[in-house]
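We count ligands from 1, going down the list as the structure has it; atoms in each ligand are counted the same way. Values below: all heavy atoms of this structure, side chains included; hydrogens, waters and symmetry mates excluded.
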Amino acid sequence: MRLEVDITGKTFNSAAGGTHEVLAPVKFALQSGEVGVLIGPSGCGKSTMLRIILGLDRDFQGQIARPPEARIGMVFQEPRLLPWRSVEQNVRLAAPDIADAKLAELFRILELDAHRSHFPGELSLGLARRVALARAFAVEPDLLVLDEPLASLDDALAGRLRDEIATLVANRPVMTLLVTHSIDDAIRLGDRLFFLSPRPAHIIHEVPIAIPRAKRSETELVRIRAQLAALPLESK
Ligand SMILES: Nc1ncnc2c1ncn2[C@@H]1O[C@H](COP(=O)(O)OP(=O)(O)OP(=O)(O)O)[C@@H](O)[C@H]1O
Ligand SMILES: [Mg+2]
């Protein structure tokens, strides 16, 4: 499977009546098994780009080629759970055929066991984000789109979930697109990093990471971090 993104422009009409250019031309492709990471300043257009890629916003110039049969797992920037459904029901609604054992494993990995029957209003933001991750993983996606999924989690938990995302990606041929502000997450998870400009976003640098995820030692990560630090400043 392959995702081809070829956006030539995106504007919003502002409430005041003007127009607001959000995306400049952005073009890239992702293959199954690859993790693409979008890194860019707040407000540059990352979430807008994800909505376009998912087909949730069709009002843009350009085209997106997404395999029509691709199962999609999505973690929005806000967890977006159904407030009148429990944690377990929220996940089951997205993945009605999920086996009980698989669901139990997801809840264990995401440390949600104690919260199965809670409702979203009873959860902290970090817990709600974990439920959103469980829901995205539960559908066994071909295309996994994660908009800052590890924000508002403590470092230890974020690290464990990052490892779980890496495991999921290693176990299935999934195309993953991750938005993060964390260089550490980017270099531990990404195969290709796309550094975006301020709005209207375009790709300033595309940095491939050739070493397979599982083989990135701390020494390698230090080297990659140094390589990124040497990129021209306006890209970070
Ligand atoms: N529905 C909308 N109508 C008008 N303007 C919008 C709309 N959604 C987003 N914008 C504007 O588009 C720009 C990009 O927003 P977007 O949410 O894509 O940024 P982002 O890169 O995801 O930022 P962050 O890192 O803060 O999440 C912002 O200037 C925002 O105000
Ligand atoms: Mg965003």
Matching residue for L146 among V37, V179, L177, L133 - test: side-chain contact (heavy atoms from CB on, under 4.5 Å)
L133
Check each atom of ligand 1 against the heavy atoms of T48 and keep those under 4.0 Å away; list them by number with element.
14 (C), 15 (O), 16 (P), 18 (O)
Any side-chain donor paired with an acceptor under 3.5 Å for Q77 and S47?
yes
Nearest non-hydrogen protein atom to atom 25 (O) of ligand 1, with distance, is K46 NZ, 2.7 Å
Of all the heavy atoms in H181, does at least one lie under 4.0 Å from an atom in ligand 1?
yes
So if I count the atoms of ligand 1 from 1 in the order they appear, which ones are less than 4.0 Å from some heavy atom of Q77?
24 (P), 27 (O)
Short N-O contact, E21 and R199, less than 4.0 angstrom
no
Give the single entry among S47, P41, A151 that approaches atom 17 (O) of ligand 1 most closely by any heavy atom.
S47
Of the choices R199, H20, E21, which has the non-hydrogen atom that lies closest to atom 31 (O) of ligand 1?
H20
Does F195 reach the side chain of V207, with side-chain heavy atoms less than 4.5 Å apart?
yes
Close-contact set for ligand 1 against V22 heavy atoms, below 4.0 Å
12 (O), 13 (C), 14 (C)
With respect to L23, which candidate in T8, I7, T11, L196 satisfies the side-chain contact (heavy atoms from CB on, under 4.5 Å) definition?
I7
Working to 10°, measure the angle at the Mg ion (ligand 2) formed by atom OE1 of Q77 and atom OG of S47.
80°
Short side-chain donor-acceptor distance under 3.5 Å, S14 and H20
no
Among G45, G43, S14, whose heavy atom sits nearest atom 28 (C) of ligand 1?
G43
SB check E164 R162 (cutoff 4.0 Å):
no
Does ligand 1 have an atom under 4.0 Å from some heavy atom of G40?
no
